[in-house]
Amino acid sequence: MNSWIGFLINLQFFTVFPIKKQLPMDKKYIHRAIQTFPLVGLFLGLILGGVLYGLVEWTPFSPLAIAFVLWTLTIALTGGLHLDGWIDASDAFFSYQDKERRLEIMKDSRTGAFGVISVIVLLAARFIWMYEIIERINEWTYFLIIMVPFLSKCVMGYLLSRMQLAKKEGLGAFFQSAVRKNSLHIYWIYLLLSFAIAYLIDINLMALFAIMGIAALLFLLYIKRKIIRWFGGITGDVLGASVEGVEVWLWLILWLLHYFAMG
């Protein structure tokens, strides 16, 4: 029951799904929310994969139209929450100020030119890669697309649980206050089950998924060092930007796989 409440907390905080029930916010439930981050990513991935399958198999829509629907859905499912973090973090990063000034910029509700430019580039890249993936779609594409938000939420959970805070208030601090030493142990079970499912489908699919997993790990190793250097630690905005960053990176990897490994 605690895990179910944690899952609902994640839906309430990180998606547009209307959870109208008043949920308890005790640390034991926030702990379970952290443990179910990847499950929320899997849930969102299943929606993306299911919609994509329905549009490809049951409609006459062109790859361009389908890509636009899928692209819009990636924004709509989270209400643009992580994009907001990307914009704020981009404004702060491209200010080239010290860490303290960057944190102040992220708290500013106004959107600067660098934030606008960076989100346009991010969304344009994601759309182009989605479109070309759909043009080259095969039966394995759906599984790999489902895994994109799953892996990004694994990265978010790790950063939240293992990185120092840049400030002692905000959404990041609220969630991190409930972290325990064993919070991430269950992530290994999720990953092993994912690899097992991929293996049961086809060993080559497991190899492709492994490439995406390694890509997510490389992103994590890179960004965890840069977060300290750029911002002095994590905030809610930095976590949101990290989710967007790893997802666009994984879409790039998936695009390359369709060119060089799945053609």
Side-chain angles (χ1 to χ4, degrees), residues 7 10 14 34-57 63 66-67 70-71 73-74 77-78 82 122 125-162 183-224 242-263:
F7 182 81
N10 285 332
F14 302 115
I34 294 166
Q35 290 189 315
T36 55
F37 279 170
L39 297 184
V40 172
L42 181 63
F43 174 68
L44 297 176
L46 286 168
I47 293 174
L48 294 176
V51 169
L52 176 60
Y53 181 84
L55 291 174
V56 170
E57 297 295 329
I66 294 172
L70 193 68
W71 176 80
L73 200 57
T74 61
L77 286 174
T78 61
H82 300 315
L122 175 86
R126 188 157 72 194
F127 178 79
I128 291 170
W129 293 328
M130 284 180 171
Y131 168 63
E132 294 220 332
I133 288 167
I134 292 169
E135 276 203 317
R136 293 163 175 78
I137 198 167
N138 64 33
E139 66 274 12
W140 294 343
T141 302
Y142 302 103
F143 178 87
L144 296 174
I145 285 177
I146 290 169
M147 290 295 107
V148 169
F150 168 79
L151 290 172
S152 74
K153 293 300 187 292
C154 288
V155 170
M156 184 177 81
Y158 179 90
L159 293 175
L160 176 65
S161 301
R162 297 292 182 260
S183 291
L184 300 183
H185 291 177
I186 197 170
Y187 284 27
W188 291 107
I189 297 176
Y190 297 151
L191 288 167
L192 287 173
L193 287 174
S194 300
F195 276 104
I197 293 170
Y199 175 78
L200 290 174
I201 296 172
D202 193 292
I203 191 171
N204 293 314
L205 175 60
M206 187 187 73
L208 295 172
F209 180 46
I211 292 172
M212 291 184 64
I214 292 170
L217 177 61
L218 291 175
F219 178 92
L220 175 60
L221 294 174
Y222 173 78
I223 203 65
K224 67 183 290 191
S242 299
V243 170
E244 290 294 341
V246 71
E247 287 196 0
V248 77
W249 168 242
L250 290 174
W251 280 108
L252 167 63
I253 298 300
L254 186 52
W255 172 67
L256 291 173
L257 288 175
H258 277 76
Y259 265 97
F260 299 108
M262 299 169 63

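- Put simply, the side chain of Trp255 does not reach to within 4.5 Å of the side chain of Ile128, judged on heavy atoms.
- A 4.5 Å side-chain heavy-atom check between Leu151 and Val246 finds every atom pair outside the cut-off.
- Here the straight-line distance linking atom OG1 of Thr74 with atom CD1 of Ile145 works out to 11.0 Å at 0.5 Å rounding.
- Inter-residue side-chain proximity for Leu42 and Ile146 is flagged as met; some heavy-atom pair is nearer than 4.5 Å.
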Contacts under 3.5 angstrom, residues 187-194 side chains, donor-acceptor by atom type, not counting sequence neighbours:
unit_1: Tyr187; atom_1: OH; unit_2: Ile34; atom_2: O; d: 2.7
unit_1: Tyr190; atom_1: OH; unit_2: Gln35; atom_2: O; d: 2.9
unit_1: Ser194; atom_1: OG; unit_2: Tyr190; atom_2: O; d: 2.9

Identify all side-chain donor-acceptor contacts of residues 204-215 below 3.5 Å with residues at least two apart in sequence or on another chain.
unit_1: Asn204; atom_1: ND2; unit_2: Asp202; atom_2: OD1; d: 3.3

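- To the nearest 0.5 Å, the span separating CG on Leu144 from CZ on Phe150 amounts to 13.0 Å.
- Nearest heavy-atom pair across Glu135 and Pro63 is CG-CB, 3.9 Å.
- The shortest side-chain heavy-atom distance between Leu70 and Leu55 does not fall under the 4.5 Å cut-off.
- Residue pairs that meet the side chain to side chain donor-acceptor pair (under 3.5 Å) test with at least one member in residues 36-46, sequence neighbours left out, are Asn10-Thr36.
- Once rounded to the nearest 0.5 Å, the distance linking CE of Met147 with OH of Tyr142 reads 15.5 Å.
- Looking at every heavy atom in both residues, Val248 comes nearest to Ala125 through CG2-CB, 4.4 Å.
- Between Leu184 and Gly157, the shortest heavy-atom contact is CD2-O, 3.8 Å.
- Looking at heavy atoms from C-beta onward, Trp251 lies in side-chain contact with Val148 at the 4.5 angstrom threshold.
- Legend: residues meeting side chain to side chain donor-acceptor pair (under 3.5 Å) with Arg136, ordered by chain and number and at least two apart, are Tyr259.
- Using a 4.5 Å heavy-atom threshold, the side chains of Thr78 and Phe14 count as separate.
- In plain terms, the two heavy atoms of Ser152 and Val243 that are nearest each other are OG-CG1, 4.0 Å.
- Between Phe37 and Cys154 there is no side-chain heavy-atom pair separated by less than 4.5 Å.
- Annotation: side chain of Arg126 is in contact with side chain of Glu244 (closest heavy-atom distance under 4.5 Å).
- Here His258 contributes atom NE2 and Asn138 contributes atom CG; the two are 5.0 Å apart, rounded to the nearest 0.5 Å.
- Here the OG1 atom belonging to Thr141 is positioned 6.5 Å from the CG atom belonging to Leu254, to the nearest 0.5 angstrom.
- In this structure Glu247 satisfies the salt bridge (Lys or Arg N to Asp or Glu O under 4.0 Å) test with no other residue, sequence neighbours excluded.
- Taking CG of Leu73 as the reference point, atom CE of Met130 lies at 8.5 Å (rounded to 0.5 Å).
- Surrounding CG of Leu200 are more than 12 heavy atoms belonging to other residues, nucleotides or ligands, all under 6.0 Å away.
- Applying the side chain to side chain donor-acceptor pair (under 3.5 Å) test to pairs two or more places apart or on separate chains, those with a residue in residues 211-224 are Tyr158-Lys224.
- Taking all atoms of both residues into account, the shortest heavy-atom contact from Ser242 to Ile223 is OG-CG1, 4.3 Å.
- Heavy-atom neighbours of Trp249 CH2 from other residues, nucleotides or ligands within 6.0 Å: at or below the threshold of 12.
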